[in-house]
Amino acid sequence: MSDHETGQPEMLPGLRATVAEARARGRAERRRRDDEAAPAEVDPVAQVLVDVPLAHLDRPFDYSVPAAMAATAVPGVRVKVRFAGQDVDGFVVARVPTSQHPGRLAPLRRVVSPEPVLTPAVAELTARLAHRYAGARADVLRLAVPPRHAATEKAPEPERLPARPADLGGARLAWAEQGAEPGAGEAFLRALTQGRPARAVWQPAAGTDWPRLVAEAALATVSGGRGVLICVPDHRDVARVSEQLTAVLGEDQHAVLTAEGGPARRYAAFLAVARGRHRVVVGTRSAAFAPVQDLGLVVIWDDGDDLYAEPRAPYPHTREVLLTRAELEGTAALVGGFARTCEAEYLLRTGWARALAPDRRSIRAAARVDVTPAEDRGIPARIPGAARAMLRRALESGPVLVQVPRAGWAPSLACERCRTPARCRGCQGPLELTASTEPPRCRWCGTPDPRWACPECGSAGLRAPVVGRDRTAEELGRSLPGATIRSSGGDRVLQQVGTRPEVVVATPGAEPVAEGGYAGVLLLDTWMALGRAELRTEEEALRRFMTAAGLVRPGGHVVAVGDPAHPVLQALVRWDPAGFAARELEARASAHLPPAVRLATVTGEPGAVDDALTLLALPEVAEVLGPVPVAAKERTPGAGGPGGRPAEPEEIRLVLRVPRSSGTALSESLGELQRIRSARKLQAVRVQVDPLEL
């Protein structure tokens, strides 16, 4: 029967051939897709950590590995997978021959990049930290692996310069002075060259060139064939250590990992480490996760600095990240600083580490430290005569550092007659002075108030209970005519000063390094750092004082203005961070405070915290403290209740406390709480394990 008889148009012979070819191509394409979708012959199952920060989904999921991706979908690479009806990012953490999932596995969508950026050691580290801090592993992975930069991956690697031959003679001499026990410093260096996991808590004397010693410890480790990871608080310390690493190891022998250079530069440095081009890394907080191959030493300097506290969930502390790596990878560890934290002292008490510190004779020879009361002949004086005399003497031979606790000119004001705090008449914010010739203005809304009068007594006089950096510089300029006065802090931080005589007034953390060290260091207003009502007030105050005093040149003079009988200032005079940390740890243990115990907080709206407490299956030994209201946040202009009263607190906080031995059980309980809350879509709460402050 013809096409015409059946009612169908007759198909021309050429058209028939075209249709047949198209059908053949379609069948071939389907066969090709089927072949590509067929599972890989070897280890056809990929275990993938998907980037979904939901606690109840915080585990690897199995996916089929198509044969076309068998060579590229290796552990550590980024992939795209189908999850909950959408394409999401993930990391392959393992390839296995079979899956426990009974149904059909979804295939990997594609391999985003062939670069294995998540090493097995870092993958295990993220799992440990997520468990310890009761967080989601996806959140830890975001901290560990920087975002991909495709152009950087494709760029050709520059030719690597040859390493400098290792010469440990100078390093042995320098480290020999770092142990009170004969040979302790040399023994630590020898252990690094032999690849043994030596662990030390190190407190050098004032004036010690600690970046040089850290670089020489890195040299000893590299000479033994292993890698080094160094974490310091900020980019200025990174620059100091990087300079010494270049001097000791040679050009292009280490990587710098910070956020200062932008995403492309950071990712390039990260790739250089992951590919094994660099085996020595120095950086800030995020560098603690660097994928250093054959890691042999982790170093953290000034571990009490609050810059090491991660502000993003699950809030891991850099010190704990590095110590966990040391345990997992069997590396040496060096916890250094001019001061000593209670956590570092606890490492010594438990035998995890040994102390490295110079003997008393070396400490006394390094610098002279005095404390003078804030008065002259019984009259209160912010800069007493003994301090001024030290400044004049020190200026004859070099620069002088003056540390003040606050920036600005007069950051807070009060009534001169009745001491009532001066407040803005518009928003009730605190008033400040920015210069001697400017009227007072509000710190919150910026409104000037030249006609302020005290609402209590009617006086128009103002006094400054707290004097800032800028006013201190003005006072010193008047009392030291002819001297150069420079300020450092806020948005104008000096990196370094030379050897010529000048006075540098700086806030804590903004002290520039002087070439050859400062001839003198003056610590003003020590009462302010010691007067805060916080858990770590005295520890933090001593850390700030010793960090500034440590910048003095060998044989220089340090003067602190304050109460000579205060235990913190006494520890500073004796340069005894070990004794202070030991006493502080005893006091915390008797009060059941960290690090003698494990603490966690649960913060949120009252209903959410009540639900969390109901769902928590705490260890029997756990104590529940609270809930207590969380302090109201600083109000923006116009916020608050009637009459400018602060707004009512919107959150409450629970504090959970267990003995140190039950810390793992507490983390497991909090992790299970997070999974239940996530699965039931309950109101969010913020969980923090071992917070710095309560």
Side-chain angles (χ1 to χ4, degrees), residues 175 177-181 184-185 188 199-211 213-214 232-233 237 299-306 308 319 333-350 352-371 403 508-509 511 521 523 526 529-530 534-552 554 556 558-560 562 564-589 593-596 692:
W175 275 96
E177 302 175 357
Q178 298 307 307
E181 299 177 7
F188 178 74
R199 291 157 184 174
V201 174
W202 171 45
Q203 270 74 51
T208 300
D209 187 5
W210 63 267
L213 288 168
V214 168
V232 292
D237 291 323
V299 180
I300 183 169
W301 174 260
D302 196 11
D303 64 301
D305 196 305
D306 58 8
Y308 287 127
R319 177 184 55 242
L334 183 63
V335 181
F338 288 115
R340 181 182 294 180
T341 61
C342 286
E343 286 76 11
E345 178 67 19
Y346 189 81
L347 296 177
L348 299 175
R349 292 285 182 93
T350 58
W352 194 89
R354 296 186 61 184
L356 268 184
D359 56 31
R360 299 306 304 174
R361 180 179 178 181
S362 300
I363 290 173
R364 286 192 294 269
R368 173 187 169 189
V369 184
D370 294 321
V371 178
Q403 186 195 68
E511 303 94 343
V521 175
L523 308 174
T526 58
L530 294 168
E534 297 176 1
L535 173 63
R536 299 175 184 270
T537 290
E538 294 191 349
E539 178 183 285
E540 173 64 12
L542 183 60
R543 187 192 72 81
R544 292 184 176 190
F545 300 157
M546 297 192 82
T547 299
L551 297 174
V552 75
V558 179
V559 173
H566 198 287
V568 170
L569 296 180
Q570 282 294 307
L572 176 66
V573 169
R574 297 192 303 271
W575 202 264
D576 185 24
F580 174 83
R583 291 188 294 273
E584 183 75 3
L585 183 60
E586 291 290 346
R588 291 196 194 175
L593 292 173
L692 281 183

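These numbers come from a predicted model, not from an experiment.
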Checklist entry - What's the shortest heavy-atom distance between Leu523 and Ala548, and which atoms? => result CD2-CB, 3.9 Å
Checklist entry - Are the side chains of Leu585 and Pro595 in touch, meaning some heavy atoms are under 4.5 Å apart? => result yes
Next on the checklist: Please check: side-chain N/O of Trp175 versus main-chain N/O of Leu213, any donor-acceptor pairing under 3.5 Å?
Outcome noted: yes
Next on the checklist: If you apply the rule salt bridge (charged side-chain N to carboxylate O under 4.0 Å, His left out), what do you find for Glu511 with Arg544, and how did you get there?
Outcome noted: CA-CA 10 Å; Glu511 303 94 343; Arg544 292 184 176 190; over 6 Å; no
Checklist entry - When you look at Asp370 and Val573, which way does the side chain to side chain contact (heavy atoms under 4.5 Å, CB included) test go after all the steps? => result CA-CA 6 Å; Asp370 294 321; Val573 169; 5.7 Å; no
Checklist outcome for this item: Exactly one of Glu538, Glu345, Arg574 clears side-chain contact (heavy atoms from CB on, under 4.5 Å) with Phe580, and that residue is Glu538
Next on the checklist: Is the distance between the ring centroids of Phe338 and Trp301 under 6.0 Å?
Outcome noted: yes
Checklist entry - Do the side chains of Leu348 and Arg340 get nearer than 4.5 Å, heavy atoms only? => result yes
Checklist entry - Would you say Leu593 and Leu535 make side-chain contact, with heavy atoms under 4.5 Å? => result yes
Item to check | Working for salt bridge (charged side-chain N to carboxylate O under 4.0 Å, His left out), residues Glu539 and Arg543 | outcome: CA-CA 6 Å; Glu539 178 183 285; Arg543 187 192 72 81; over 6 Å; no
Checklist entry - So, Thr350 side chain and Tyr346 main chain: donor-acceptor pair closer than 3.5 Å or not? => result yes
Next on the checklist: Quick one, Pro567 and Arg583 - any side-chain contact, counting heavy atoms below 4.5 Å?
Outcome noted: no
Checklist entry - Going through the distances and angles, do Val299 and Trp202 end up as a side chain to side chain contact (heavy atoms under 4.5 Å, CB included)? => result CA-CA 10 Å; Val299 180; Trp202 171 45; over 6 Å; no
Checklist entry - Which pair of heavy atoms, one from Ala333 and one from Trp352, lies closest together, and at what distance? => result CB-CH2, 3.8 Å
Item to check | Heavy-atom closest contact (Met546 atom, Pro577 atom, distance) | outcome: CE-CD, 3.8 Å
Next on the checklist: Looking at Leu692, is its backbone amide N or carbonyl O close enough to the side chain of Arg536 to form a donor-acceptor pair, meaning the two atoms are under 3.5 Å apart?
Outcome noted: yes
Checklist entry - Say you draw a straight line from CZ of Arg199 to CG of Leu356; how long is it, rounded to the nearest 0.5 Å? => result 14.5 Å
Item to check | Beyond-backbone contact of Leu530 with His566, side-chain heavy atoms, under 4.5 angstrom | outcome: yes
Checklist entry - Is the CZ atom of Arg349 crowded by more than 12 outside heavy atoms at less than 6.0 Å? => result yes
Item to check | For the student: nearest non-hydrogen atoms of Ile363 and Pro358, plus distance | outcome: CD1-O, 3.7 Å
Checklist entry - Where do Gln178 and Gln203 land on the side chain to side chain contact (heavy atoms under 4.5 Å, CB included) test, with the steps shown first? => result CA-CA 8 Å; Gln178 298 307 307; Gln203 270 74 51; over 6 Å; no
Next on the checklist: Using every non-hydrogen atom in the two residues, find where Tyr308 and Asp302 come nearest and quote the distance to one decimal.
Outcome noted: CE1-O, 3.0 Å
Item to check | For Pro204 against Gly337, the heavy-atom pair lying closest together | outcome: CD-O, 3.5 Å
Checklist entry - Passes side chain to side chain contact (heavy atoms under 4.5 Å, CB included), Phe545 versus Gln403? Steps please. => result CA-CA 8 Å; Phe545 300 157; Gln403 186 195 68; 3.8 Å; yes
Item to check | Asp303 backbone acceptor or donor facing Arg319 side chain under 3.5 Å | outcome: yes
Checklist outcome for this item: Separation between CG (Leu542) and OG1 (Thr537), nearest 0.5 Å, reads 12.5 Å
Checklist entry - Going by heavy atoms in the side chains, are Leu334 and Phe188 under 4.5 Å from each other? => result yes
